[in-house]
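To start, the structure itself, in structure tokens.
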Amino acid sequence: MQYSWDVLLRERKKEQTRQALIAAAERLFDEQGYEGTTVEQIAAAANVSTRTFFTYFRHKADVLYHNSTESVEAALRVIASRAPDESPPQLLARAFNRLLQDSWEMGMYAGLIGHALTLPIASPKASIERSNARLERLAAALVEVCPEEVDRVGSYAMVGAAIGAVSAAVGAALGEERTDEEALEAGRCACRRALAGFDRSREAGSGDDGRSPGP
């Protein structure tokens, strides 16, 4: 029992440290800009060592994406709540709507784009890993709840289409200096339109319905 309590305390302290680093980084980014903020400054503001920072984050840019996991978890919960009459594309559109809304409210521009439009990519490998992990989790969840209608290849196609549509639309909207709300709505509309194509294919019986063609 004592061991379990000690483990719980350690985990709680680790989470407190992580949150302190996130809060310090967000404050410093706001006060002096991303480029003007160093890892050393973030660590000092959180009262930890630079080495401790790298225990939680591999790069300074990773702090910007700390909400990514939470927003994806929200989307996964939506997928798990599929309604009986909801098609896979409709379900995925609803999940992306939740992902976008949660990401936006948590301060990460459009969730799937983050600040990549204006910030340098400190680690292309880490960025690709984040993207691939997100794609894998969403696609796997869709197959799990729609096994008779969607296979792995088709699920990847749908999720990839949604990500591409959202990224392009939000990027274009922000590039035109539209408001955050307008950019968010642009992403939602683009996602719905991209996924609607899969539903039209299902209705037409063309085979482009989320299941890959047979041999």
Side-chain angles (χ1 to χ4, degrees), residues 57-59 61-82 86-174 183-184 186-202 207-213:
F57 303 101
R58 286 178 293 179
H59 307 279
D62 286 347
V63 183
L64 292 170
Y65 299 94
H66 70 91
N67 285 323
S68 178
T69 299
E70 295 177 35
S71 59
V72 170
E73 290 294 338
L76 293 174
R77 287 193 293 272
V78 170
I79 292 175
S81 70
R82 182 191 186 190
E86 197 169 27
S87 72
Q90 290 170 342
L91 175 60
L92 190 59
R94 185 161 64 89
F96 264 76
N97 184 66
R98 176 61 183 274
L99 186 154
L100 282 167
Q101 186 63 45
D102 279 15
S103 296
W104 213 277
E105 289 175 354
M106 289 187 289
M108 190 176 74
Y109 268 52
L112 301 176
I113 296 179
H115 291 262
L117 290 168
T118 57
L119 295 177
I121 299 177
S123 171
K125 181 179 179 182
S127 180
I128 291 172
E129 288 175 353
R130 279 192 298 267
S131 178
N132 288 343
R134 182 170 49 231
L135 176 61
E136 174 66 36
R137 297 192 69 194
L138 292 170
L142 191 62
V143 172
E144 184 176 352
V145 300
C146 310
E148 301 301 321
E149 301 160 84
V150 181
D151 62 13
R152 187 171 184 271
V153 173
S155 183
Y156 263 75
M158 276 193 269
V159 176
I163 290 176
V166 169
S167 297
V170 174
L174 293 177
L184 174 59
R188 286 172 169 165
C189 289
C191 181
R192 288 195 299 268
R193 289 174 179 173
L195 292 173
F198 289 92
D199 262 333
R200 287 194 293 270
S201 294
R202 286 162 54 88
D208 297 326
D209 57 358
R211 295 200 69 83
S212 57

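Values below: every heavy atom of this structure, side chains too, minus hydrogens, waters and symmetry copies.
Contact detail for A80 and V145: the closest heavy-atom pair is CA-CG1, 4.2 Å. Nearest heavy-atom pair across A169 and A190 is CB-CB, 3.5 Å.
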Checklist entry - salt bridge (charged side-chain N to carboxylate O under 4.0 Å, His left out) between E149 and R82: does it pass, once the steps are laid out? => result CA-CA 13 Å; E149 301 160 84; R82 182 191 186 190; 2.8 Å; yes
Next on the checklist: For a side-chain contact (heavy atoms from CB on, under 4.5 Å) check, start with the C-alpha distance between V166 and L100, then their side-chain angles and the critical distance, and finish with the verdict.
Outcome noted: CA-CA 9 Å; V166 169; L100 282 167; 3.7 Å; yes
Checklist entry - Step by step, would you call L92 with F198 a side-chain contact (heavy atoms from CB on, under 4.5 Å)? => result CA-CA 11 Å; L92 190 59; F198 289 92; over 6 Å; no
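Remark: A194 pairs with A165 by the side-chain contact (heavy atoms from CB on, under 4.5 Å) rule, at least two apart or across chains. With sequence neighbours left out, A139 forms a side-chain contact (heavy atoms from CB on, under 4.5 Å) with S155, Y156, V159. Take R94 and apply the side-chain contact (heavy atoms from CB on, under 4.5 Å) test, not counting sequence neighbours, and it matches V78, S81, E86, L91. Under the salt bridge (charged side-chain N to carboxylate O under 4.0 Å, His left out) criterion, E144 pairs with no residue at all, not counting sequence neighbours. Taking the side-chain contact (heavy atoms from CB on, under 4.5 Å) definition, one finds that A141 meets it with L76, I79, sequence neighbours left out.
Between the CZ atom of F96 and the CD1 atom of I163 there is a distance of 4.5 Å, given to the nearest 0.5 Å. Going from atom CD of Q90 over to atom CG of D199 covers 5.0 Å, rounded to the nearest 0.5 Å. Rounded to the nearest 0.5 Å, atoms SG (C146) and CG (D151) are 11.5 Å apart.
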